[in-house]
Amino acid sequence: MAEQVALTVKDLEKVFPLRRGLFARPQGGVRAVDKVSFQLKSGETLALVGESGCGKTTVARILAGLEQPTGGTVVLSGKELDFASKETPHILRQTNQMVFQDPYATLNPRMTVGQSVEEPLIVRRYAGDRKQRVRELFAAVSLGEEMIDRYPHQFSGGQRQRIGIARALASDPKILLCDEPTSALDVSVQGQVLNLLKDLQQERGISYLFISHNLSVVWHISQQVAVMYLGKIVEIGSREAVFLETAHPYTKALLAASPKVAPGQSRERIVLSGEVPSPLNPPSGCRFHTRCPFAKDICREAEPSLQDLGAGHHVACHFAGKM
Amino acid sequence: MQPLLEVQDLEVCFARRQVLRRVSFSIAPGETLGIVGESGSGKSVTALSIMGLLSRPGRVTGGRVLWHGEDLLQLPPDSHRQLRGKAMAMIFQEPMTCLNPVYTVEKQISEVLMLHRGMSKKEAAEAAADYLEQVGIAEPMARLRNYPHELSGGMRQRVMIAMALAGEPELLIADEPTTALDVTVQAQILDLLKQLQAKTGMAMILITHDLGLVAENAERGVVMYAGEVVEEGSVEELFTNPAHPYTQGLLRSLPRWGEQQDMLYTIPGTVPRRLEGIAGCAFAERCPLAEERCAEPQSMHRFSATQAARCWRTKDKVGDAEWQSR
């Protein structure tokens, strides 16, 4: 059971066409997601990490049916999806639900939170007692029944995020796509939401695709980690492999740059120069070579493919394991 | 040695609501002080009060802010304004809030130089390019002609830092300077601030919600909760031997990579919405160790040269004879 695959993504691609002027023809495009492949097992969490603009949110939006991919395949519970079909977004939305960073932006301020949670049940023509179901959902995210008739502004950030999770759970999804769900929350509240997500996963066997730039949070919640840079996965593997046997210099730099609460501990620090290059015009060869402290000639010329380091740990670097 | 800045029992109200009470701390020349706390704990209000930038309905209702021994709160607004930018400068989380979108980078940096350093327009333009170079911006001459919207987030942050540095301040207050940036750029900006600090000898107050940033970048830290300072100490003391139950709770609730944690510790309850009616410890209702006496007001209990906490238990730990309250 544990080894069942909930979702397989293969060579996923999304190119956003670029137009100059309203009626002009598209001139090239931005490869927001470039040949991304991964597998999400049932009841497990895969984390997507990377800096802004690396394409992690686009991957989630494709899987939520909000965006059409321009290439690649998605296999959901054993069935390959046909993105040309009009039905596909509906199928995606039935099994995959998104949890957003800012729940306040997703809640209608004029509706009670109970109504907001009930809405997906109406849309889906839920056969049972809707009010009863809403009460169950509130209980599942540890919110009292008396909260159901309140309005979004009456809640704190952490409570709103619980409401966002309750609403995502309303359609009984198999997969939750969590896009920075705790980034807007304070540390003490972040812990509550992460614990809730872990509890829900254990109870219901839901899989999470968890997007975050906070590596400590990623370590805590996930079993698998994929690191993205400019639309490509540069390293993927179990969290232990990626965090403790890091093979890609970009992952190393990310780990080194994330602040740790251990004062006075000297550590190897790779400070990258410059910023992420524009995805409009990505660098040749290895996309990371412009910022990589170890870049050699080959990195400028040839694009490294993902190589297997064993036990599902893959890395796209010419010098993986040689540094 | 006289501290550069000393805040004593600062109290601030927004209309009738109290948001800061008995906030005291000091900072020495050249030192880096971290102020940590969750949203609404009063970190930014403290900074704005020091800068004299608090706007209505906020107003300082008590306490003193001593700058080289002189109380800033007693200064006429005009004299306080002259200190801003020159003696002390502030940088913010969102650079666009402080950069003017209709002026070029050159105009904005040279304004500081002409106003505070009495440079001519031509001198200022040359010096502005120098400052851009110092904050690590490539091709400074070209960037001077850019408008803020033409720059990336990290670049804007650098321009704002260059503006703050142009007045050669003795104190830089950085309010969440890297929260909006990616981690790799955050590391660059903090390294830059440290380098510049080593070069100019300015003191820095680093305001952040990220405990890790304080651990890595400050020498001393102040922990705020619900408008109060609940603990202060050297970074070493705060992170290895925290005394206040709130500091302890915060540190325990952090996920840490490399460690096996099944469930995270969480602090029960939420931050109190108003401070009126809470005479004693504001954390008491969430504190696992609360006792009856926590309802009474208490001062900071000092138990080392640098560490002090607003908690009875710390007082008990060091014994009556030893602790001196402030």
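Proteins get letters first, then strands, A, B, ... in listed order; numbering begins at 1 in each.
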Pairwise distance [atom1]([X]) to [atom2]([Y]) - rounded to 0.5 angstrom:
X       : Y       : atom1 : atom2 : answer
L213(B) : K260(A) : CG    : NZ    : 11.0 Å
R256(B) : L215(A) : CZ    : CG    : 15.5 Å
M263(B) : Q202(A) : CE    : CD    : 5.0 Å
N214(A) : D210(B) : CG    : CG    : 8.0 Å
S216(A) : E259(B) : OG    : CD    : 9.5 Å
Q192(A) : S253(B) : CD    : OG    : 9.0 Å

For [X] versus [Y], what's the shortest heavy-atom pair and its separation?
X       : Y       : value
S258(A) : W257(B) : OG-NE1, 3.9 Å
P259(A) : E216(B) : CA-OE2, 3.5 Å
L272(A) : Q188(B) : O-NE2, 2.6 Å
E51(A)  : V185(B) : OE2-N, 4.3 Å
D186(A) : E38(B)  : CB-OE2, 3.0 Å
A257(A) : Q186(B) : O-NE2, 4.4 Å

Check: Using a cut-off of under 4.5 Å for heavy-atom pairs, which of A218(B), A138(B), G249(B), G154(B) has the most such pairs with chain A?
Finding: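 Counting heavy-atom pairs under 4.5 Å, the top option is G154(B).
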Next item on the list: Kindly check if the number of other-residue, nucleotide or ligand heavy atoms within 6.0 Å of CZ (R274(B)) is above 12?
Entry: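 Counting other residues, nucleotides and ligands, CZ of R274(B) stays at 12 neighbours or fewer.
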Margin query: I'd like to know which of S52(A), G158(A), A253(A), G157(A) tops the heavy-atom pair count under 4.5 Å against chain B.
Written below: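 Answer, by heavy-atom pair count under 4.5 Å with chain B: S52(A).
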Item checked: Sub-4.5 Å side-chain heavy-atom contact between Q190(A) and L264(B) ->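 Side-chain contact under 4.5 Å: no.
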Checklist line | Any side-chain heavy-atom pair of T184(B) and R291(A) under 4.5 Å | finding: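 A side-chain contact exists here, since the closest heavy-atom pair is under 4.5 Å.
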Item checked: Region of E240(A) in contact with chain B, defined by heavy-atom distances below 4.5 Å ->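 For E240(A), the contact with chain B is made by the side chain alone.
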